Number of protein chains: 4
Amino acid sequence: MKLNIEDISGDSLQNSNIELVERKGLGHPDSICDGLAESVSRALSKEYKERFGKVLHHNTDEVQLVAGSSEPRVEGGELIEPIYVLLTGRATKEFQEEKIPVDQIALDAAKNYIDSNFDKLSSEHFEFESRIGETSTDLKTVFSQEVPKSNDTSFGVGHAPLTPTEKCVKKVEETLREEISEVGEDIKVMGLRKDGKLQVTVAAATISSRIASLEHYFETKEKIKEKTESIIRNISSLEPEVHVNTADKEDEDSIYLTVTGTSAEMGDDGSVGRGNRVNGLITPYRSMSLEAASGKNPVIHIGKIYNLLAQDIAETIYEETGSFAQVKLLSQIGKPLDEPQSVEVETGTDRKTVEEIVDRKLESIQEVTEKCLRGEISTF
Amino acid sequence: MKLNIEDISGDSLQNSNIELVERKGLGHPDSICDGLAESVSRALSKEYKERFGKVLHHNTDEVQLVAGSSEPRVEGGELIEPIYVLLTGRATKEFQEEKIPVDQIALDAAKNYIDSNFDKLSSEHFEFESRIGETSTDLKTVFSQEVPKSNDTSFGVGHAPLTPTEKCVKKVEETLREEISEVGEDIKVMGLRKDGKLQVTVAAATISSRIASLEHYFETKEKIKEKTESIIRNISSLEPEVHVNTADKEDEDSIYLTVTGTSAEMGDDGSVGRGNRVNGLITPYRSMSLEAASGKNPVIHIGKIYNLLAQDIAETIYEETGSFAQVKLLSQIGKPLDEPQSVEVETGTDRKTVEEIVDRKLESIQEVTEKCLRGEISTF
Amino acid sequence: MKLNIEDISGDSLQNSNIELVERKGLGHPDSICDGLAESVSRALSKEYKERFGKVLHHNTDEVQLVAGSSEPRVEGGELIEPIYVLLTGRATKEFQEEKIPVDQIALDAAKNYIDSNFDKLSSEHFEFESRIGETSTDLKTVFSQEVPKSNDTSFGVGHAPLTPTEKCVKKVEETLREEISEVGEDIKVMGLRKDGKLQVTVAAATISSRIASLEHYFETKEKIKEKTESIIRNISSLEPEVHVNTADKEDEDSIYLTVTGTSAEMGDDGSVGRGNRVNGLITPYRSMSLEAASGKNPVIHIGKIYNLLAQDIAETIYEETGSFAQVKLLSQIGKPLDEPQSVEVETGTDRKTVEEIVDRKLESIQEVTEKCLRGEISTF
Amino acid sequence: MKLNIEDISGDSLQNSNIELVERKGLGHPDSICDGLAESVSRALSKEYKERFGKVLHHNTDEVQLVAGSSEPRVEGGELIEPIYVLLTGRATKEFQEEKIPVDQIALDAAKNYIDSNFDKLSSEHFEFESRIGETSTDLKTVFSQEVPKSNDTSFGVGHAPLTPTEKCVKKVEETLREEISEVGEDIKVMGLRKDGKLQVTVAAATISSRIASLEHYFETKEKIKEKTESIIRNISSLEPEVHVNTADKEDEDSIYLTVTGTSAEMGDDGSVGRGNRVNGLITPYRSMSLEAASGKNPVIHIGKIYNLLAQDIAETIYEETGSFAQVKLLSQIGKPLDEPQSVEVETGTDRKTVEEIVDRKLESIQEVTEKCLRGEISTF
C-alpha cells in the first residue's frame, strides 16, 4: 500500500468563488429507490447470516420506480394509479442445497421500508415486483477466501468536515422534513454559493390533506422560506437567498401538492444511484464516485466499502485533529480489500497521525460491513 | 450572465500523481440503457416534429435492464432466458386532441436501436415492456414560450482536450470493439495513471461462437493485451500495464464467454445514468455532473443541454486556441436557457477570445438540440 | 317473450347410466381467480355507487395467476417465490370529470379477498399487478337507459335440485375444507356415478406445518377417505369408492404437501372462467354455459345475470312445487334484460305456476344484481 | 374398458325446438390466446424432440391477453398502446443437465404465430412476456412409462356430423374472414335456431384502412348480411335472419372499426379455454367439456387427448356408416391412456362396427398426438 499525503491548509473548495451542492430528500423518487435497494440488501444479509452464518453473494442495487398518478386537492385528493416498483439485481437463491426465498424477502423488506420511513406514503400505494436473478457462480467462490480480494480497480472518496454550504443543504432538508408538518418527505434542496451569498432552491412536496386552502399553501411556502433562511444564518455566515417551489403558479392545479408527500405518486420516476452519494450530497465541484452504493453487497463490494471507508477515515482525521481531510482509496487487482493500491489523503495534519488512523481503519475494515448490516450507516 | 475566467496554464489533472478514468463500452448493460433511452427520446422527438412541428415534452431517461441467462460454450451455446427491458419515463401522449402512440414508438425505437448497433445481440433476445407515463400538464406549458426558461438550478461541465489517459481509455474501447472480432460490444476499460505508468484493466466479453477452444480464448486475451499496449504506446508516452478479464480461471466455466457479446445476457443488470458522462468517460478525479443526459428532452432539459454545451464550448476553445479549457455552466431560475447565471472557464487563453466563443455558442444554443435530434452527438 | 314449458317427469340425468361432476374448491388456482375477479367487481361497484349513485361499466373477469414456488416439508417448509397475479379487464376510470382509482381499488380488494377467505394463504405471498383498462365509450351509454338492453344473444341455464352425485361432490369439498384442519382450501373433487356406484376422486392439498410426519400424512388421507365415504352414505344411496391424492408416492417429495394449502404456491396456474359454473359445479353431462360469470358487471352483463337468474328460477320452482326444473334463458337483441327472447323450462309442474314464478322473477330481475353487490350469491 | 352403445335414431338436438351455437373467430381475443398457447406447446414439443427424442412435460395452456388501445379512423388510424400478452404455464427447463431456453422458444413461437396467421395484426403490435415456470418433478416421471397413465378422471366428448346450425355458424366465420377483405380475423358468430328459423348475429371487426367512408362501412355490413344469408340458404333449409354489428350507431365513433382487424387492439381482453371447444364451436345445448385443450401437452394430457379422440371416433363412425354419433370417453385412474374406463357411444349403427372403430382408434391413440405435433388438428 502506498500512502500519499498532500499537505494542504484547508478545503480548497472553500476558497473558490462558486460551490454547488444538492440533496435529494428521503422521499425523492431516486432516494426511495436507494432506500429500497439498501433495505433489500440488509434483509437478505440478515437472512443469509441466520441460515448460513455468513452473508452470501448478492447485489440488489437495481430498483426502478415508475410513478403512479394522483389527484391531490386542497384538504384531500387521492392516489389514482399505484406506484410501480421493480426490484432487481442478483442474489444467491440456493446454497448448500437449501433454497432461499429471495424474492419474498425482498418484497417484505421493501414494504417494511416504506411503512417504517414515511408518514403518508404507505406500501398499499405500491405495486412491488421482484425479478431478482441468480448470481453467477464464479463470484460466489469469493466467499471461500478469508478476506475478499479485488478483481477490479475500484475507487472511493470522502471528505470532512462539510463546508457551510454542504451543511446548510443537508440541514435544510432534514429540518423541513421534521418540523413542517405540511411538508412530505420529498424535498430537493439545491445550494449555490456565489460571492458570499447562498442561493438555496427548495422543491418541497406538500401534503394535500394538511393544506387547508390556497392561502395556507402560500403561507406554508413562506414558512419554508423563513425556516431555510434561519437555518442558513444559524450555521453559516452566508447571506441567504431562498426560492421555494419555483414552478408554482397561482392556481390550485399548478402548485406542488401531493397526496402522499412525494412526487413518486405522479410523474417522477426514480432509480438507484442517481441521487446522493454516501455522504448524503451531490457535490459536482468535488471529486465524486459514480458508484451506486445502495444495495451493493456490504461484505465484498469494493466500491461500496471504499466509499464508506474513505468517508470514515476523513471524518476520523477531522474529529481527532481538527484538520480538513479528503481521502481517496484505490483498490489493487488481486489483493485483499484491506490492502488498497493507494490511499491519498489531502489534509493539514502530520503524516504520523494520518498513517495511524489509516492503518487503524484498514485493520478494522469489517466494521464498515457491520455498520451496514446493522443499518447504522446511510448510503445516500 | 457572469463570465468568470480563471487563467490556468493547463490541465491541473495532468500534474497530479494519480488519475482514474473509466469507460463502459457500448454493450455494457448501463450503456445499453443509455442508448435505448436516447433512441426512444430521438424517435419521439422525430414523431412530435412530424405531427406538430415541434418537440413536445418528454423525458425517457428511465430504463431498467434485467439480465437474462445464458449457456455460452466454446464454439456455441445459447441464450436460455431473454433479457427484460422496462422502458419508462414520461411523454406527451395527447396533444391538440390527437393521441400519440408513445409506447409503440418507444418499443419500435428500442428494437431498432439494438438491431442497428449490435452484432450478435438482437432484439429477439429481449422482452421489451414500455410503461412510459403521461407528463404533467404544467411542464407542457413551457412550450408556449419562445426560449425555454429554467425553473431549477442546473449544472453542466466539460473539458478539452482529453488527457492522454482519457484518450487511451476511450480509444482502447473503440479499437477492441471494432478490430477484434472475437470480442463483443461489452468492454469495460479502467485506466489508472500512477507514477508515469498507465495501468489499464479491460473486461471484454468474448463471443462464444467465435472462440474455437480454450486455447483460442487465451490467445484472444493476449491479442487484447497487445493491442491495448500498442494503443497506449501510440497515443501517449505512458508505460502500459494491461490486465484482461482478471476474474478468469483456467476452465471453460469461469472465463468471460458470452453468446451475444454482452454480459446483459447473464447476470449484469443495467440502468440509465450510471455509466459514462456525455464525454464518454467516467472521471472521478474531475468535476462531474450526475445528470443522466441520455433520454432527456433535448429542447428544454437544462441539465442535458448544459452538459453538452459546456463540452462544446471547451472543445471549441481548444480547437481555436490550442489551450486546455474546462467549462462550467450554471442556469438561472426563471431565466431563458441562453442566459446562464454563470459561465466559469478555466483556460490559458485570453478573455476576449473566450467571451467571443461563449457568446457565439450561447446564441446558437439550439444547435445542441438539433445535433441531438439528428443523432450526431453522443450522450454516453 | 315466449315461454316454452316441456313437461318432464324428473331429471333425465338421474336415469342415465353415467354422470360426471366436478368441483374445484375455493383454493384451486382457477377458483382463486374467480374469487378475485368477483371481489374486484364488487369493490368497484360499491365505490361507483358511493361516488355516483350507480354502478358504472366494468368487467373485471380477466385474472391470470402464475404459480410461485415452494419447499413444503413435513412440519414446515416455506414459500420460495411469490405467486404472481395479474388483474385485468376494463372499468370506467373517469366519470363526470372525476377520476376513479380503479387499479388501487382492485389491488386492495384482491388483497382483502385473500386475507379474508384463506387460512394459511396470505396476501403477503402474492405479487399483485393491476392492468385494468379503460372501457370503451359506447358501452357506457348503456347506463343512460332505464333497463339495460341486450346487444347480443346471451344464454343462461340452471337446474334444481342437484342430483345426489352433485350434492355429494359439493358437500365433500365444503366438509373437508371445514372439518379437517390438515387440509387447505385447494380441494378438487371429481364424482363419477356409474352402475349405482359413486367413484369420488379427491385431490386435497395438505398444509405442511400441520402434518407431523409421513405417517400422519397417510392417516390424514385415510381420514379424508372415511369422511368422504360417510358423506356419500349420508346424503345418497350410492355406494362410495373413494380415491385420495392418487398421484402420491411413498416418499415425502411426492405427496401432496403445501405450505399454504393451495397448489397455486407451486406449479398450478389459474385463470377466470375455467372452473365451476354459477352453481359451484362442472357438469359436462348437462347443458352448460361457457360464460365466465365471475367479475362481470352485475348490472348489465346479460350472460352473468341470466345464468344466475335461470338458477334462481329453477330453485324457486323446486322449492315451491317440489318438482325438478331446468331453466334456459335466451336474450333478445335490442330488448331490455327483463324481456328475454325465450324462457325454456323443463319441469313436471303445471304451466300456471311456472308462468307465475317466471314473471315474478323477471319483474324483480334487479334482485340478482343486488345480491351480487351484497356478495350474497356465489358465482363459482 | 366398458363400451356402452346407446342406439339412437339420430341427433336428438335436431328435433329440439331451440339450438344455440357460437363460434369465436380466429382473431377473437380468446381465440388468439388459444392459438398462442397451442403454438407455444407445438414449438416446445418440436424442440424437445430434436434435443431429446421425445416430448418432455409441459402445459402452456395459460395465456392472458390485455387489450391495447387504438384510434381507428375511416381510411386509417393507428394503434396507440400495444397489446400485452403474458405467456405462462409450465415446462421442463432442464433435462439431463441440459438447459432448454423455454421462454425464448415461447416468445419466438408466439411472434411467429401472429405473423403467420393474421393479415393486419403483426407481432410488432404486441408486448410479449413469458413467465413459464418449471414443472414439478413427479409429473416428469410419467415419461419413464411406456404408455402414460391417468392419475385423474378425465372426460372427452365429440359428435358428428354437425347440425345445419353448427355448420352454418362455422362456415359463416370462415367465409367472411376469407372473402370479404374489409373484414378482419375477429368475427364472432352466434346462431340461434328456433321454429325453423336461423337467427345469426355476426360481430365482425372491419379494418379501418380498407373502409373508405361511413357509407362504405354500411355497404360492407350489407355485404356481410347478404353473404351470411346466402351461406345459410346454401347449406341448410333454415330461413335466415341476420344481424350484423348490432352495437353500431350512425357515427364514425360508434361503428365496429379496428386498425388491425381484431378487438384485442382496444378493449377486449382474452384468455385460453374460454372460447371454442375442440370442434371449433361452443354448443351450450350439448354436453361439453370445460377442458382448455389448447396448449396442453399432446402426449400425456388426458383431457386434451380424449376430447380430440372422441371427436375423431365420432367423425369416423359418421364417415364410415353415415350414422350420427356422439362419443364420450372417461379415463380410469391408474390405467394407461388407451384403456379408458368407459366409452359411451350414441349412434344408430351396429355394435360391431362401433366396436371395431373404437378399438382401432384406441390402438392408434398416438396418432392424435402426432397430428397435434404436426399442427394438423385444431384445438379451438
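Remember, predicted model here, so these are calculated numbers, not experimental data.
Here Asp61(A) is the residue among Asp268(A), Thr283(A), Asp61(A), Leu86(A) with the most heavy-atom pairs under 4.5 Å with chain B. Each of Gly270(A), Ser271(A), Gly133(A) has some count of heavy-atom pairs under 4.5 Å with chain B, and the biggest count is that of Gly270(A). In terms of heavy-atom pairs under 4.5 Å with chain B, the best-connected choice from Ala67(A), Gly68(A), Gly275(A) is Ala67(A).
For chain A, the nearby part of Asn4(B) is the side chain; its heavy atoms alone come within less than 4.5 Å. Proximity to chain A (any heavy atom under 4.5 Å) is shown, for Val157(B), by neither the backbone nor the side chain. Both the backbone and the side chain of Met288(B) come within contact range of chain A, judged by heavy atoms closer than 4.5 Å. With a threshold of 4.5 angstrom between heavy atoms, Leu330(B) approaches chain A through side-chain atoms but not through N, CA, C or O. Proximity to chain A (any heavy atom under 4.5 Å) is shown, for Arg131(B), by both the backbone and the side chain. Contacts between Glu344(B) and chain A at a heavy-atom distance below 4.5 Å involve the side chain alone, from C-beta outward.
Closest heavy-atom contact between Asp269(A) and Arg90(B): OD1-NH2, 2.6 Å. Taking every heavy atom of both residues into account, Ser342(B) and Lys194(A) meet most closely at CB-NZ, 4.0 Å. Between Pro284(A) and Phe155(B), the shortest heavy-atom contact is CB-CE2, 3.3 Å.
With contacts defined as side-chain heavy-atom distances shorter than 4.5 Å, the pair Leu290(A)/Arg277(B) qualifies. For the pair Lys328(B) and Ile18(A), the minimum side-chain heavy-atom distance is 4.5 Å or more. Under the 4.5 Å side-chain criterion, counting only non-hydrogen atoms from C-beta, Asn17(A) is in contact with Lys2(B). Between Leu65(B) and Thr88(A), the closest side-chain pair of non-hydrogen atoms is not below 4.5 Å.
Residues from residues 195-204 of chain B that place a non-hydrogen atom less than 4.5 Å from a non-hydrogen atom of chain A comprise Asp195(B), Gln199(B), Thr201(B), given in numerical order.
A distance of 5.0 Å separates NE2 in His243(A) from CD1 in Ile333(B), rounded to the nearest 0.5 Å. The distance from atom OG of Ser331(B) to atom CE of Met190(A), rounded to the nearest 0.5 Å, is 7.5 Å.
With salt bridges taken as basic N to acidic carboxylate O contacts below 4.0 Å, one links Arg274(B) and Glu62(A).
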Subject >> side-chain contact (heavy atoms from CB on, under 4.5 Å) between Leu192(B) and Gln341(A), intermediate numbers included >> reply: CA-CA 11 Å; Leu192(B) 171 67; Gln341(A) 171 159 199; 3.3 Å; yes

